[in-house]
Structure formats: C-alpha cells, structure tokens
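So the structure is just underneath, and the comments pick up after that.
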Amino acid sequence: MAKAEYRSAIRSRKLITCALADLLQEKPLNKITVTDVVRRAEINRGTFYAHYTDIPDVLHHLIEETFSLIRKTAFDEARPLATIPHVLLQRIQEILEEDLPFCQKVMTSSASTQMEEQLVKLALDYLLQRKDQFSNSSPAQYELTIRFCAGGLTTLYRSWFAGALPISLDELTQQAEELLNRIIRDISAVET
C-alpha cells in the first residue's frame, strides 16, 4: 500500500510541476494561481495542498531538488579544481536531458531568474569552501568572476532553450566547459 501511495505522490508532484511549467509560458509567475495549476493538472486543491503550500513553494521545491543533485555532484567528493567544470556541467546536462521539454519551459520563463540565483549561490558556496585554491586572487576578484560565470552560464542555457544557439546540448556543455576552465586558470593566475 505504501508503494502505491509513494507512486501516487510522485505522480501528483509531477502533474503539478508540469502544469506550472506550462503556465509559466503563458504568464509571469506572480500571476499564476493555485486554481490555475489545479485546473491545468486536472487534480483537486487538496492534492495540491498535500504537497505544497503555494505557487512559490512549488518552484522552490523544484529548484531545491535540482540544485541538491548538482550540489551533491560538486561538493560531496574532493575533486581537483580543474575537473569541476567537467563534472558540474555533465551533471547539469544529465538533469536537463531527463526532461528537456519541461526544462525548456522553465528556462525560458520568468522562473529562470530564480534558477540563476541558485546557480550563483552554488558557485559562491563552492568557491568559498575552496578559497585556498585561489590564493593568487583577491576574494572580491574571484567572487566577481564566479558571479559573472554563473550568470553567463545561465544565459547560455536560456539562449540554447530559446533556439538562439544552433548547437547541440553536448556541444554547449563542451564549449561552456572550455570557457570555464580558461576562466579558472586565469583567475588562479591573477596576482593580487
């Protein structure tokens, strides 16, 4: 019985997040209501409130879930700095490939700003834990660089999802990795 309830809960959350992603294509996040989501998901309000408190809570859980997977990849293992762009970007690509249509809807909506904020936070957290590897850079310099990289990376993905970059996701990941490696080498070599 518990297994069926678990599958039902997963299905309900998926219906809710997909409905929200669809609605994000039609109107800004702050204009979407619980009624909009339950109608689109074809569920009742009780099902919605069994999983979430409101619309921002849905987005918060979605972003937290995604970034906890990315965080685990980057933070849980001791890795040399030079390998992080590869591992991190490969994990991001895997997460995106799990449901490209859904990710496209979120990344081309007003919710992409919140994703960008989480990416910046993730990068800064990672960097602050490894500041000894950036001994040649001032704290202000590498924080600025990481914010620049996170914003640029988010913009690349947003542009790719919008169809503005005529390359495959594999090519995007490879080129983003090359750029990040170059930036990491440069920031590590900066004299204070």
(request) List the steps, then state whether side chain to side chain donor-acceptor pair (under 3.5 Å) holds for Q175 with E171. (result) CA-CA 6 Å; Q175 290 181 25; E171 291 170 309; 5.5 Å; no
(message) Could you go through I32 and L20, starting from their C-alpha distance and side-chain angles, then the distance that decides it, and tell me whether this counts as side chain to side chain contact (heavy atoms under 4.5 Å, CB included)?
(response) CA-CA 8 Å; I32 298 172; L20 178 60; 3.9 Å; yes
(request) Apply the test side chain to side chain contact (heavy atoms under 4.5 Å, CB included) to residues E97 and L169: give CA-CA distance (whole Å), side-chain angles for both, the deciding distance (0.1 Å), then the verdict. (result) CA-CA 9 Å; E97 287 175 332; L169 185 55; 3.7 Å; yes
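The main-chain N or O of D57 is found under 3.5 Å from a side-chain atom of H61 such that the two form a donor-acceptor pair. Of the possible polar contacts, none joining the Q25 side chain to the D22 backbone as a donor-acceptor pair under 3.5 Å is found.
The structure places CD of E178 at 11.0 Å from OG1 of T173, a figure rounded to the nearest 0.5 Å. Here Y157 contributes atom OH and L153 contributes atom CG; the two are 5.0 Å apart, rounded to the nearest 0.5 Å. Note that the CD1 atom of I92 and the CD atom of E177 stand 11.5 Å from one another [nearest 0.5 Å]. Note that OH of Y52 is 10.5 Å distant from CG of L59, once rounded to the nearest 0.5 Å. We find the CZ-OG distance between F48 and S12 to be 11.5 Å, quoted to the nearest 0.5 Å. The line from CD1 of I43 to CZ of R13 is 11.5 Å long, rounded to the nearest 0.5 Å.
Legend: residues meeting salt bridge (Lys or Arg N to Asp or Glu O under 4.0 Å) with E94, ordered by chain and number and at least two apart, are R91.
I55 has its side chain within reach of V37: a pair of non-hydrogen atoms, C-beta onward, lies under 4.5 Å apart. Side-chain atoms of S159 and T155, non-hydrogen and from C-beta on, do get closer than 4.5 Å to each other. No side-chain heavy atom of I95 sits less than 4.5 Å from a side-chain heavy atom of E65. Contact check for L96 versus Q104: no side-chain heavy atoms found under the 4.5 Å cut-off. Under the 4.5 Å side-chain criterion, counting only non-hydrogen atoms from C-beta, L156 is in contact with L172. Residues T154 and M107 have side chains in contact (heavy-atom distance under 4.5 Å, counting atoms from C-beta outward). Contact check for L29 versus S109: no side-chain heavy atoms found under the 4.5 Å cut-off.
Salt-bridge check for E26 with R40: passed, with a basic side-chain N closer than 4.0 Å to an acidic carboxylate O. Checked for salt-bridge contact, K31 and D36 miss the test: no charged N lies under 4.0 Å from a carboxylate O.
Residue L179 is not grouped with residue L144 when hydrophobic side chains (ILVMFWY) are merged at heavy-atom distances under 4.5 angstrom, including chains of intermediate members. The cluster map of Ile, Leu, Val, Met, Phe, Trp and Tyr, joined by side-chain heavy atoms under 4.5 Å apart, puts I167 and L89 in the same cluster.
For the residue pair I16 and T47, the shortest heavy atom distance occurs at CD1-O, 4.4 Å. Across all their heavy atoms, T108 and R158 have their closest contact at CG2-O, 4.3 Å. Taking each heavy atom of C103 and F161 in turn, the nearest pair found is CB-CZ, 3.8 Å.
Within 6.0 Å of CZ in R39 there are 12 or fewer heavy atoms belonging to other residues, nucleotides or ligands. Surrounding OH of Y49 are more than 12 heavy atoms belonging to other residues, nucleotides or ligands, all under 6.0 Å away.
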